[in-house]
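Right, one structure below, let's go through it.
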Amino acid sequence: MADFDDTFDPELGAACNRLAAFVEPLPEGATVDAASKLTERDLALILRRLYATRHVERADHQSTDAPRTTLRASVPLTAKG
């Protein structure tokens with residue numbers, strides 16, 4: 001899999017390189033997480049799409065230096081009841 005060293009965001013590039021190193025040895029179609037049904041194919045697809053867009057900067061990155069607020073948690077929150 002191609003490396004992400006030339007991405008506009010070095011931190012994201014490094015994380016993608018680590019993820020690619022994790023995904024490459026997995027058997028094709030292997031389930032990575034049974035609860036979410038995440039597979040090796042899912043991760044490979046995500047990495048391919050990220051690689052294709054690695055030079056594209058976010059529009060808000062170009063218009064302002066202010067940090068972007070997160071609209072939702074990366075892990076869904078569940079109500080306790």
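Being a predicted model, the structure only gives us computed values, none of them experimental.
- Geometric assessment of R54 against the ring of Y51 yields a positive cation-pi assignment under the 6.0 Å and 45° thresholds.
- The CZ atom of R48 lies 10.5 Å from the CG atom of L43; values are rounded to the nearest 0.5 Å.
- Paired with V23 under the rule side-chain contact (heavy atoms from CB on, under 4.5 Å), one option of I46, L47, D42 passes, and it is L47.
- Across L50 and F4, no two heavy atoms sit closer than the pair C-CE2, 3.7 Å.
- Judged by distance alone, with hydrogens and angles left aside, the side-chain atoms of N17 form no donor-acceptor pair with the main-chain N or O of D3 at under 3.5 Å.
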Between side-chain atoms of residues 25-35 and protein atoms elsewhere (two or more places apart, or another chain), which donor-acceptor pairs fall under 3.5 Å?
from: D33; atom 1: OD2; to: S36; atom 2: N; distance (Å): 3.0
from: D33; atom 1: OD2; to: S36; atom 2: OG; distance (Å): 2.7

